Amino acid sequence: HALLRPGRFDRQIVVPPPDRRGRSQILDLYLQRRHVDEDVDADSLSRRTAGFTGADLANLVNTAALLSVRTGTGRITNAELDEALATVALGPARKSAVVAARDREITAWHESGHALAGLWLDDATDPVSVSIVPRGQAGGVTWFPGHDDVFMSRRQANAQLVVSMAGRAAEELLLGDD
């Protein structure tokens, strides 16, 4: 309390994450130092990285560069950037994880519930990708793109709630009430 009492830290400076144009400029800066395929578009990538900070974008480019070295191409391609984006946003794929057949089936139903609700609802965002490969702490993931919008309508909020609960609803279709 002594550190935060009036007169000590009266001025607060908030540094929000960059907007789409800022992310595009930051990506251009980081990508210009690397060997990059000519079809890589920083502006397109900036649309899929809403909420990313400069450090997140640096991590994204570094991860893509490491992937390009592992594949032996030595050039960052869109495929490496896509995989790097999934790794940075969702965690690394745990491809060696042993998943029981029943757990894999439940995960597939759960993730398909999220994805289908996102596709069917007009006010929901369409999913970017769906996977039952464990990533980070998740057993599977349905990834929806972020956005730079500050506000959301009531219908968008309701759609987001429905999409969030659709995974569990799909599980109930498979398992009943259990």
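Here the structure is a predicted model, which is why all the values come from computation and not from measurement.
- Using a 4.0 Å cut-off between a side-chain N of Lys or Arg and a carboxylate O of Asp or Glu, Glu171 and Arg168 qualify as a salt bridge.
- Between Arg94 and Arg135, every side-chain heavy-atom pair lies at or beyond the 4.5 Å cut-off.
- Minimum heavy-atom separation, Ala159 to Ala124: CB-N, 3.8 Å.
- Without hydrogens or angle criteria, Ser24 side chain to Arg20 main chain gives no donor-acceptor distance under 3.5 Å.
- The minimum heavy-atom distance linking Gly113 with Ala166 is given by the pair O-CB, 3.2 Å.
- Atom CD of Gln32 sits about 11.5 Å away from atom CG of Leu27, to the nearest 0.5 Å.
- Across every non-hydrogen atom of Ala42 and Leu31, the tightest pair is CB-CD1, 4.3 Å.
- Here the side chain of Asp56 pairs a donor or acceptor atom with the backbone of Thr53 at under 3.5 angstrom.
- Taking NE2 from His110 and CD1 from Ile106, the interatomic distance works out to 11.0 Å, rounded to the nearest 0.5 Å.
- Counting heavy atoms from C-beta on, the side chains of Glu83 and Thr87 come closer than 4.5 Å.
- Taking 4.5 Å as the limit, every side-chain heavy atom of Ile76 sits out of range of all side-chain heavy atoms of His35.
- Gln25 places no side-chain N or O within donor-acceptor distance of the main-chain N or O of Gly22, the cut-off being under 3.5 Å.
- At a threshold of 4.5 Å between non-hydrogen side-chain atoms, the residues Pro134 and Val99 count as touching.
- Contact of the Arg48 side chain with the Asp82 side chain is registered, since non-hydrogen atoms from C-beta on lie closer than 4.5 Å.
- Judged by distance alone, the side chain of Asp37 and the main-chain N or O of Val40 form no donor-acceptor pair under 3.5 Å.
- Val133 and Trp143 are members of different hydrophobic clusters when ILVMFWY side chains are connected at heavy-atom separations under 4.5 Å.
- Two residues are said to be in side-chain contact when any heavy atoms from C-beta on lie closer than 4.5 Å; Pro18 and Ile26 meet this criterion.
- Two different hydrophobic clusters hold Val61 and Leu67 under the rule that ILVMFWY side chains link at heavy-atom gaps under 4.5 Å.
- Smallest separation of non-hydrogen atoms from Ile132 and Ala108: CG2-CA, 3.6 Å.
- When side chains are defined from C-beta on, Leu90 does not count as touching Leu85, because their heavy atoms never get closer than 4.5 Å.
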Applying side-chain hydrogen bond (donor to acceptor under 3.5 Å, both in side chains), run through Thr142 and Glu111 and close with a yes or a no. CA-CA 6 Å; Thr142 303; Glu111 298 307 331; 2.6 Å; yes
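- To the nearest 0.5 angstrom, Ser46 atom OG is 9.0 Å from Asp19 atom CG.
- Atom CZ of Arg75 and atom CD of Glu80 lie 11.0 Å apart (nearest 0.5 Å).
- A heavy-atom distance below 4.5 Å is not found between the side chains of Leu45 and Asn78.
- In terms of heavy-atom proximity, Trp109 sits nearest to Ala170 at O-CB, 3.1 Å.
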Evaluate side-chain hydrogen bond (donor to acceptor under 3.5 Å, both in side chains) for Asp103 paired with Thr107, printing each intermediate quantity in order. CA-CA 6 Å; Asp103 292 342; Thr107 301; over 6 Å; no
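- With values rounded to the nearest 0.5 angstrom, Leu116 atom CG is found 10.5 Å from Leu121 atom CG.
- Here the side chain of Thr49 pairs no donor or acceptor atom with the backbone of Phe52 at under 3.5 angstrom.
- Heavy-atom minimum distance, Phe144 versus His114: CZ-O, 3.6 Å.
- Note that CG of Asp123 is 11.5 Å distant from CD of Gln160, once rounded to the nearest 0.5 Å.
- A salt bridge links Asp148 with Arg23; the closest basic N to acidic carboxylate O contact falls under 4.0 Å.
- Atom CG of Asp122 has 12 or fewer neighbouring heavy atoms from other residues, nucleotides or ligands inside a 6.0 Å radius.
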